[in-house]
There are 2 protein chains.
Amino acid sequence: MKIDPDSNAALSAQIAKAIRDAIISGALDVDERLPSEAELADQFDVSRPTIREALKRLAAQSLIRTQRGAFGGAFVRHLSYADAREQLVTTSTLLLSMNDISFDTACEARFALERACAPMAAERRQPEQLAIMAAEIARQGEPELSDEAFCASDVAFHRALIDGAQNPVLSYQLSGSIEAMQPLMNMITYTARSRAEIVEIHTDLMAAIDSRNAASAAETLVQLEKVTKRLAHSVMAAKSIARSVAKSPDHAPISAD
Amino acid sequence: MKIDPDSNAALSAQIAKAIRDAIISGALDVDERLPSEAELADQFDVSRPTIREALKRLAAQSLIRTQRGAFGGAFVRHLSYADAREQLVTTSTLLLSMNDISFDTACEARFALERACAPMAAERRQPEQLAIMAAEIARQGEPELSDEAFCASDVAFHRALIDGAQNPVLSYQLSGSIEAMQPLMNMITYTARSRAEIVEIHTDLMAAIDSRNAASAAETLVQLEKVTKRLAHSVMAAKSIARSVAKSPDHAPISAD
DNA sequence: GATTTTCATTTGTCAGACATTTAAAAGTCT
DNA sequence: AGACTTTTAAATGTCTGACAAATGAAAATC
């Protein structure tokens, strides 16, 4: 592993990249122990704090885990689906919030992906997924449910749908995408009427999945996309009027207390 | 923001989480400057190296960038599509390599996603994407092309296809997924005959997109998925036989499913 | 007024030290 | 001998203090 001290890139970044490449290329196996910080500092000819910063970068990406004590150290981490999804959600959420993406664009992408696994879900769904969908539909009918809880239930419903495809890679990709859209969906205020409309569509969707009707499921998802966009538009129109009247609030700086 | 020194989580991890939450929640705007390391150390009541480790974690996730010099410091980073895709590729690649996922599962997920944007690509594709597809098909016909270069061209072709949908969110998700599969695809040795078969399918696919025939595009993708799986199976079967002859067969051979 | 120099600020890095955790190894008792 | 306890060494987590390098603003100079 070569490190160039004259590069403008920080040493810790270069070292992190070297180790990351070793992990991705498979030169380091899962659960394999990396040399101790002191040894790495020797090998790369840098100080221990610099090595530590590099290791923290890798830890932030869930590439390694560290363990204290004798025979502890940094180990190549087994990346679980849950870890991977968390990373995906963080990245996607930020991407959506920072890039001036219209609700329609995000919504379109989300439903396009969801339609992709609808046929597979219709074919392979298990009683488990149908039970979750039924339970969430029931919850969505409760009138005293808050908007946030309604949204959370919506996410759970769609995750069950996705999981019905019985493909963990697809579940990882899709659930990340849907979770990332939750902040956008939370901006919507769900009236009783719009909730009833959504519940009805969810019911249709579940029926289509239950009866293994792929075409109907896809069609229902198209309908749901239209309704979601329409709801968002009406809310945003209202907000846009409100914004032009009120002033934008300045944000509080970081404080330790 | 409260930091609990008695928690088993490392201080730097807690601090990173606190700042990350502030960024995601929008309390810190894009390009806003964070307090200096010394100020943060004061606020959180920890030493500067600890703060630095926390900041490196955030830098690894592309959440902040740092700038040296007077009026430098850490700034909330604008997460570009390119950065986000890089993160996604890293995560997805590791997920695939570490979780004993069968080729079929990954392949199925990839083509399901790709089929999702085929109709949109058929409807909206621009001359730009068609030109790229044509160029890549031409390249794939060159006999002296290495397997790796063929794979790279394949990725470029499919990226043009998904870019045809004119939805950047979809492009981000899909191109990440396809790039992450590249190491798996690189395991395949492409014979002249299989290359011809793939080129033919690509030609059909481009024709379908060109003529805005969504159904045909989807159908062709189904065909390509089948061919890809078949190719992978034959390669893996050959590898498995080679291994059982060469070495002790006490460990289960690689299975294609 | 334009250019150069100085300078304060901030990150990047290093060195050494101590605290804490942890599991292996040694010791002790039954 | 076997089970339990204590010791101990190794490793990460953290702190203090310091210096180097970069960088933009302000002061000085032409």
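Everything quoted here is computed from the prediction, not taken from an experiment. Excluded from the calculations below are hydrogen atoms, water molecules and symmetry mates; all remaining heavy atoms, backbone and side chain alike, are included. Here is the naming used below: chain letters follow the sequence lines, and residue numbers restart at 1 for every chain.
Going from atom CZ of B:Phe75 over to atom C1' of D:dG24 covers 11 Å, rounded to whole Å. One interatomic measurement links the two molecules: CD1 of B:Ile51 to P of D:dG13, which rounds to 16 Å at whole-angstrom precision. Spacing between atom CD of B:Glu39 and atom C1' of C:dT10 amounts to 10 Å, rounded to whole angstrom units. Look at CG on B:Leu11: it is 16 Å from P on C:dA19, rounded to the nearest Å. Atom CG in B:Leu40 sits roughly 12 Å away from atom C1' in C:dT11 (whole-Å rounding). Atom CG in A:Asp45 sits about 11 Å away from atom C1' in C:dC14, given to the nearest Å. Going from atom CG of A:Asp42 over to atom P of C:dC14 covers 12 Å, rounded to whole Å. One can place CZ of A:Arg52 at 8 Å from P of D:dT12, the figure rounded to the nearest angstrom.
The phosphate of C:dG12 has neither OP1 nor OP2 within less than 4.0 Å of any side-chain N or O from B:Gln67. A close approach under 4.0 Å does occur between a side-chain nitrogen or oxygen of B:Thr66 and OP1 or OP2 of C:dG12. The phosphate of C:dT9 (OP1 or OP2) has no side-chain N or O of B:Ser36 nearer than 4.0 angstrom. An OP1 or OP2 oxygen of D:dG13 is reached within less than 4.0 angstrom by no side-chain nitrogen or oxygen of A:Arg48.
In the set C:dT13, C:dA24, D:dC15, C:dA24 carries the atom at the smallest distance from any side-chain atom of A:Phe71. With C:dT11, D:dG24, C:dC14 as the choices, the nucleotide that has an atom nearest any side-chain atom of A:Pro49 turns out to be C:dC14. The side chain of A:Ala70 sits closest to D:dA9 out of D:dA9, C:dC14, D:dT14. In the set C:dC14, D:dG13, D:dT14, D:dT14 carries the atom at the smallest distance from any side-chain atom of B:Ser47.
Ion pair B:Arg139/B:Asp154 not flagged as a salt bridge, since none of the NZ, NE, NH1 or NH2 atoms sits closer than 4.0 Å to an Asp/Glu carboxylate oxygen.
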message = Run the side-chain hydrogen bond (donor to acceptor under 3.5 Å, both in side chains) test on A:Gln129 and A:Gln166 for me, step by step, so that the C-alpha distance in whole Å, both residues' side-chain angles and the decisive distance to 0.1 Å come before the verdict.
response = CA-CA 10 Å; A:Gln129 282 92 42; A:Gln166 309 291 334; 3.1 Å; yes
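Here B:Arg65 lies out of heavy-atom contact (under 4.0 Å) with every strand.
Projected onto DNA chain C by closest heavy-atom contact, A:Thr50 and B:Leu55 fall at different nucleotides, the more 5' of which corresponds to B:Leu55. Take the nearest nucleotide of DNA chain C for A:Ala13 and for A:Gly69: the residue whose nucleotide is more 5' is A:Ala13.
Side chains of A:Asp104 and A:His233: a donor-acceptor N/O pair is present below 3.5 angstrom, by distance only. Between A:Gln61 and B:Arg57, the side chains place no donor N or O within less than 3.5 Å of an acceptor N or O (distance only, hydrogens not considered).
No N or O donor and acceptor, one from the side chain of B:Arg68 and one from the base of D:dT23, sit under 3.5 Å apart.
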Which atom pairs, one a donor and one an acceptor, fall under 3.5 Å between side chains of residues 175-186 of chain A and the rest of the protein, sequence neighbours left out?
residue  : atom : partner  : partner atom : Å
A:Ser175 : OG   : A:Ser171 : O            : 2.8
A:Glu179 : OE2  : A:Arg159 : NH1          : 2.9

